[in-house]
Colleague: 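Just passing along the structure, written as structure tokens.
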Amino acid sequence: MCISAEAFALFLNLLPAAIIGSEPGRVVIHAETREAHWVAHEDKWCTMAPQIDRMERFAALSAD
């Protein structure tokens with residue numbers, strides 16, 4: 001999933017600063033369940049978090 005830099009800035013402003021870590025080209029959000037890594041890609045910020053969540057839900061279903 002990718003969003004514009006403006007949308008990403010708005011999203012980050014909604015979060016408590018204590019859960020946000022950053023380094024050049026990468027932002028890590030330390031959420032309750034796991035970390036979400038956002039990476040700069042051209043003029044957008046992208047994360048694989050939705051795909052990772054989906055894979056984990058499917059894995060949990062197949063383990064039952």
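Everything quoted here is computed from the prediction, not taken from an experiment.
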Colleague: Distance check, rounded to the nearest 0.5 Å: E6 atom CD versus F11 atom CZ?
Modeller: 15.5 Å
Colleague: Check step by step if side chain to side chain contact (heavy atoms under 4.5 Å, CB included) holds for I29 and L12.
Modeller: CA-CA 9 Å; I29 299 170; L12 291 177; 4.0 Å; yes
Colleague: Please tell me whether V39 and I19 are part of a single hydrophobic cluster in this structure, the criterion being side-chain heavy atoms less than 4.5 Å apart.
Modeller: no
Colleague: Quick one: closest heavy-atom pair of C46 and H41, and the distance?
Modeller: SG-CB, 3.9 Å
Colleague: Shared ILVMFWY cluster between L10 and I3, side chains joined below 4.5 angstrom?
Modeller: no
Colleague: For H37 and R26, what are the C-alpha separation, side-chain angles and deciding distance, and is it a side chain to side chain contact (heavy atoms under 4.5 Å, CB included)?
Modeller: CA-CA 7 Å; H37 293 252; R26 178 180 297 269; 3.2 Å; yes
Colleague: Fit a plane to each ring of F8 and W38, take the angle between them on a 0 to 90° scale, and name the class: parallel (under 30°), tilted (30 to 60°) or perpendicular (over 60°).
Modeller: tilted
Colleague: Applying the 4.5 Å side-chain criterion to the ILVMFWY set and letting contacts propagate, would I20 and W45 be lumped into a single cluster?
Modeller: yes
